[in-house]
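A short worksheet on the structure shown next.
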Amino acid sequence: MKIYGLITGIVLSGLGAAFAQESKAVAVGATKECQAFCKANTSKKALLLQSITKNTSQTSVTASTYGMVWVATGEFSMGTNDYPDAQPIHKVSVKGYWIDEHEVTNVQFAAFVQATKYSTIAERPLNPDDYPGVPHDMLLPGSAVFSPPTDKVSLENIQQWWKYVPEANWQHPTGPQSSIVGLENNPVVQISYADAEAYAQWAGKRLPTEAEWEFAARAGRDHTKYYWGTELKPNGKWPANIFQGSFPNNNTAEDGFTGAAPVKSFPKNPFGIYDLEGNVWEWCSDLYRDDYYKNSPNDNPKGPSISNDPEEPGVEKHVQRGGSFLCSDQYCIRYVAGSRGKGETTSACNHLGFRCVKDK
């Protein structure tokens, strides 16, 4: 999705397209609606990163492995036949690494901001050159927020439930009236790739490769439909924070949450890692290419050298993994094992976060 399109649409009565769409889902067993459209996430027009002065402190904290889980060297089958951009399934080996046991939380990100005075992309002024014809006083910093309609709507037009909200950012995830007070252990959201990378550098860590992320999520369980196993709802219980009900207007919250859940609210996987499916999308370090798996190396792949998304040619994107609390079997089921998401480098929204890894 393009946030700049949302802004332009708001101030110029819908001029321009907002939020570019992801490819059609072809997941086995998916509903007709999901097969028609399965948009995994939002994206934002590049804000000319070259012109944005990096405001990250160059002094990093001493990295440790506290709160991380060791993942030993291994091999697994990567990808899924459910989606064209995750094919073919191929054998991949990864070297051992440490991974955060849960998503980076609000309290952890706050410590980073306090130490470095970092300002996230969603908090920075917009570049007027990116929005020709829009009055400068309308170009307010902000981000994308899920705003469900009151009635059932066609799944063709995502502007019916995604809105650009001025002053939405990591401290105010759904807008200026919202707050993270009391949500200290929730995953931080409204985080762009650039923000996540800045945090990881400060923490003495890095973002996971796509292969590392999937290897940790599978936790030794190759060829299962879901990361947690073969059944969507094992033993009658939801194993992850996803969307139940009629998307997008009626979330029944059978799993206990309508939005992001505090970390560790759901069972850990066999490796001892939490929330690798559902809850919030997570950035990976790999650039996104829809055809990368056709030529991906088998040993410790790190992604292509150039990004390419046929839906938005020329827009640099990175891989996102795991799905979110908005993933539904009616709409976006990219919480299934091996599936992929994507997002433009400076994108942010209120169901997008990250976790880090560290080399031995």
Side-chain angles (χ1 to χ4, degrees), residues 1-23 37 39-56 118-147 149 153-154 156-177 189-198 281 283 287-290 306-320 341-352:
M1 304 176 190
K2 285 187 176 180
I3 290 178
Y4 83 92
L6 285 182
I7 302 173
T8 305
I10 290 171
V11 298
L12 294 180
S13 301
L15 292 180
F19 290 141
Q21 314 305 320
E22 292 195 358
S23 59
F37 282 90
K39 295 87 178 175
N41 225 309
T42 58
S43 62
K44 184 177 181 179
K45 184 181 180 182
L47 294 177
L48 302 179
L49 283 178
Q50 303 93 315
S51 67
I52 299 176
T53 302
K54 291 185 178 180
N55 56 4
T56 309
Y118 183 84
S119 178
T120 61
I121 297 293
E123 297 171 285
R124 301 179 192 178
L126 301 179
N127 186 340
D129 293 341
D130 291 337
Y131 311 95
V134 179
H136 289 192
D137 61 355
M138 299 294 291
L139 295 179
L140 302 176
S143 195
V145 173
F146 177 69
S147 303
V153 296
S154 167
E156 299 285 333
N157 181 8
I158 64 174
Q159 291 190 53
Q160 296 177 100
W161 59 87
W162 280 108
K163 299 184 184 301
Y164 182 88
V165 178
E167 299 183 61
N169 54 57
W170 75 275
Q171 296 185 83
H172 306 284
T174 59
Q177 303 306 313
V189 294
Q190 296 291 10
I191 298 298
S192 71
Y193 179 86
D195 302 328
E197 192 174 45
W281 283 98
W283 288 108
L287 290 168
Y288 174 84
R289 282 192 70 92
D290 65 313
I306 299 175
S307 169
N308 182 59
D309 178 8
E311 297 288 335
E312 290 187 278
V315 177
E316 182 184 88
K317 295 186 178 182
H318 283 81
V319 173
Q320 298 165 350
K342 57 190 175 182
E344 189 267 331
T345 303
T346 58
S347 302
C349 56
N350 69 310
H351 68 153
L352 176 58

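Here the side chain of Gln160 pairs a donor or acceptor atom with the backbone of Ser154 at under 3.5 angstrom. With hydrogens and angles disregarded, no donor-acceptor distance shorter than 3.5 Å links the side chain of Asn350 to the backbone of Val189. Of the possible donor and acceptor atoms, one in the side chain of Gln190 sits under 3.5 Å from a partner among the backbone N and O of Cys349.
Listed here is the closest heavy atom pair of Gly175 and Ala168: N-CB, 3.9 Å. In this structure, Gln320 and Lys342 approach most closely via the heavy-atom pair OE1-O, 3.2 Å. Across Trp283 and Ala196, no two heavy atoms sit closer than the pair CD1-CB, 4.1 Å. Heavy-atom minimum distance, Ala348 versus Ile191: CB-N, 3.8 Å. Taking all atoms of both residues into account, the shortest heavy-atom contact from Pro166 to Pro176 is O-CD, 3.4 Å. In terms of heavy-atom proximity, Trp162 sits nearest to Phe146 at CZ3-N, 3.3 Å.
At least one side-chain heavy atom of Glu316 sits less than 4.5 Å from a side-chain heavy atom of Leu287. Taking 4.5 Å as the limit, every side-chain heavy atom of Trp170 sits out of range of all side-chain heavy atoms of Asp195.
In this view, Pro128 and His136, Leu139 satisfy the side chain to side chain contact (heavy atoms under 4.5 Å, CB included) rule, not counting sequence neighbours. In this structure, the side chain to side chain contact (heavy atoms under 4.5 Å, CB included) partners of Gln171, at least two apart in sequence or on a different chain, are Glu123, Asn169. For the side chain to side chain contact (heavy atoms under 4.5 Å, CB included) test, residues two or more places apart in sequence or in another chain that qualify with Asp290 are Asp85, Tyr288, Asn308, Pro310.
Ring geometry for Tyr193 against His318 counts as parallel: the plane angle stays under 30°, on a 0 to 90° scale with 60° as the upper cut.
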